[in-house]
Structure formats: structure tokens, C-alpha cells
Amino acid sequence: MEHRVAVVTGGAAGIGRGCALRLAADGFRVALVDIDVDGGNQVADRINEVGGEAFFLESDIGEPDAFKQIVAEVAHRWDALHVLVNNAGLDYNEPLSEMTVAAWDRCLAVDLRSVAFSAQAAADLMERSGGGSIVNIASVMAWYTVPDYGAYTASKAGVTGLTRTLALELGPRGIRVNAIAPGFIDTTAWERVLAKMDDPEEFAASISALHAVGRRGKPADIAGAVAFLVGNDAGFITGQTLVVDGGLTAQIRLG
């Protein structure tokens with residue numbers, strides 16, 4: 001995979017960071033996109049320090065024209081694009097009674113609209129590069145949700161449906177499109193959840209126990225799934241959502 005090019009959004013931390021490091025280890029040049037300047041630069045520096053090639057772009061993918069600028073910069077630097085990982089997102093939760101139009105629109109702009117317009121912006125360069133693969137990070141909450149997550153759940157359900165449509169539209173251009181639906185993954189978002197709990201250790205243990213494998217996921221677990229989906233072994237897979245949740249959603253809980 002020498003000299004292949006990947007863009008990872010939300011690459012400064014968590015799942016995005018894990019994906020960026022894995023793709024770099026697999027030989028990709030990596031463009032990291034995030035609003036976290038310090039975190040993004042740290043990941044890019046780490047890749048470069050170990051002999052990879054990466055750069056960081058500060059960008060808010062919730063803005064309509066963000067991806068046109070991102071693709072233009074990637075084209076300027078490397079004149080190619082083979083992989084796009086749409087990972088950046090907002091973990092927005094508010095009860096229906098307190099939800100605002102502005103918050104709803106912001107969540108869907110970042111978590112859903114950006115997926116469509118990133119694919120639109122990337123498609124020409126990806127096709128000129130000989131085709132490629134797009135992986136959208138959805139969530140098991142596209143199907144199984146909890147109260148107060150209306151906007152987030154709607155956006156992630158939208159990502160799974162949009163993935164199928166993009167696969168049909170972009171397949172003839174040599175571009176495969178799939179999604180991954182993670183379960184509970186240890187990220188900074190998870191740490192923020194724990195910080196709100198009266199007994200973080202007990203809560204963390206209870207969540208781990210919900211998984212058939214007895215633990216929560218790590219960013220590397222999702223990065224491994226991304227590496228598979230963008231690789232040659234997945235060349236006949238498109239329009240699918242791969243659930244990577246340690247068995248969280250495989251069971252019916254009976255009290």
C-alpha cells in the first residue's frame with residue numbers, strides 16, 4: 001500500500017486517532033482533520049517521527065464547504081486519495097423537552113450531513129486515483145438507543161442508510177462505501193460519561209459486563225475493522241454496516 005493516501009476526520013483522539021495510526025502503520029500517507037489543533041498535530045507528529053507521512057488540517061466538518069477545502073489540500077500535497085474515514089462526530093444528548101433547533105441542526109450537520117458532502121467532494125479525486133474506499137463510523141445506537149439521544153440516534157441511523165445509497169452511486173466509479181457501528185469504546189467521550197457518574201468504577205464495570213467478550217472496546221478494535229474494509233480482502237464488500245461491539249447487541253436482556 002505504499003504511497004496510498006487516506007483522510008481521517010476526527011483524527012486527533014479516540015477512534016480517529018486509532019484509525020490514523022493503523023493506516024499509517026499499513027503504509028498510507030494520512031491527512032488528519034479535526035478542530036483539536038494540539039491533538040491533531042500530536043498524532044501527525046507521532047506518525048512522522050516513526051517514518052510515516054502525515055499532516056494535520058484544522059477544519060470543522062459541520063461547515064458546508066469544509067470538505068472542498070480538505071480535498072483541495074490533499075490534492076495539492078499528494079495528488080491522490082484512496083481512503084476516507086468519516087469518523088468525526090458529536091455525542092449530543094438532550095431530552096426532547098429541552099432540544100433546540102440549533103442543537104439538532106448542529107448534531108446532524110456534523111454527524112450526518114458531513115458524510116454526504118465529504119463523499120461528494122472526495123469522489124472525483126478518488127476516482128482519478130484508481131478508486132478507493134469510504135468507511136463511515138456509525139453506532140449501534142442507530143438501532144438500539146436510550147432516552148435523550150434523539151438527534152444522535154437519528155444521525156447515526158441516517159449514516160447507515162446513506163452508506164447504502166453512496167455505495168450504489170459510487171460503485172460504478174470504483175469506490176466502495178461501508179460503515180462500522182461501534183459499541184462502547186474507551187475514548188475521551190467515554191471519559192466524559194464516567195465523569196458524570198457517582199461511582200465511575202462500578203458504572204464502567206457494569207457496562208463491560210454487558211459485552212459478550214467481557215470488556216469495552218478500544219480504538220484499535222475499530223481501527224482493525226477499518227483496515228479490513230479498506231483492504232483488498234474486502235474488495236467485494238460494499239453498502240454494508242459492520243457491527244463491532246463485542247457482542248453488546250447480540251443478546252436480549254431479561255431484567
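F55 carries R77 over the face of its six-membered ring, with the cationic atom under 6.0 Å from the centre and within 45° of the normal.
Scanning all heavy atoms of the two residues, the minimum distance from M141 to V146 falls at CE-CG2, 3.9 Å. Contact detail for G10 and N87: the closest heavy-atom pair is O-ND2, 3.2 Å. Of all heavy-atom pairs between W104 and M99, the closest is CE3-SD, 3.4 Å. For the residue pair N178 and I237, the shortest heavy atom distance occurs at ND2-O, 3.0 Å. A pairwise comparison of heavy atoms in L32 and A20 identifies CD2-CB, 3.5 Å as the closest pair. In terms of heavy atoms, T145 sits closest to T153 at OG1-OG1, 2.6 Å.
Checking N86 against N136 by side-chain atom types alone, a donor-acceptor pair falls below 3.5 Å. Side-chain polar atoms of R215 and S208 form no donor-acceptor pair below 3.5 angstrom.
Two residues are said to be in side-chain contact when any heavy atoms from C-beta on lie closer than 4.5 Å; S155 and L108 meet this criterion. Under the 4.5 Å side-chain criterion, counting only non-hydrogen atoms from C-beta, R173 is in contact with D124. Side-chain contact between F67 and I61 is present, with at least one heavy-atom pair separated by less than 4.5 Å. Residues D65 and F117 form no side-chain contact, since every pair of their non-hydrogen atoms from C-beta on lies 4.5 Å or further apart. Y144 has its side chain out of reach of L248: every pair of non-hydrogen atoms, C-beta onward, lies at least 4.5 Å apart. The shortest side-chain heavy-atom distance between I175 and I134 falls under the 4.5 Å cut-off. Contact annotation: the side chain of R4 never approaches that of S129 to less than 4.5 Å [non-hydrogen atoms, C-beta and beyond]. Using a 4.5 Å heavy-atom cutoff, the side chains of V135 and V83 are not in contact.
Judged purely by atom type and a 3.5 angstrom limit, N48 uses its side chain to pair as donor or acceptor with the backbone of A54. At distances below 3.5 Å, at least one donor-acceptor pair connects side-chain atoms of H82 with backbone N or O atoms of V5. Between the side chain of R113 and the backbone N or O of G62, at least one donor-acceptor pair lies under 3.5 Å.
Using a cutoff of 4.0 Å between basic side-chain nitrogens and carboxylate oxygens, R22 and D26 are scored as salt-bridged. The pair D60-R106 meets the salt-bridge criterion, since a charged nitrogen lies less than 4.0 angstrom from a carboxylate oxygen.
Residue L162 is tested with V159, L166, T160 for a side-chain contact (heavy atoms from CB on, under 4.5 Å); the sole match is L166.
When the shell of 6.0 Å around CD of E202 is examined, it contains 12 or fewer heavy atoms from other residues, nucleotides or ligands. Summarising the local packing, CD1 of I207 is surrounded by more than 12 heavy atoms from other residues, nucleotides or ligands at distances under 6.0 Å.
In this structure, I180 CD1 and L229 CG are separated by 5.0 Å, a value rounded to the nearest 0.5 Å.
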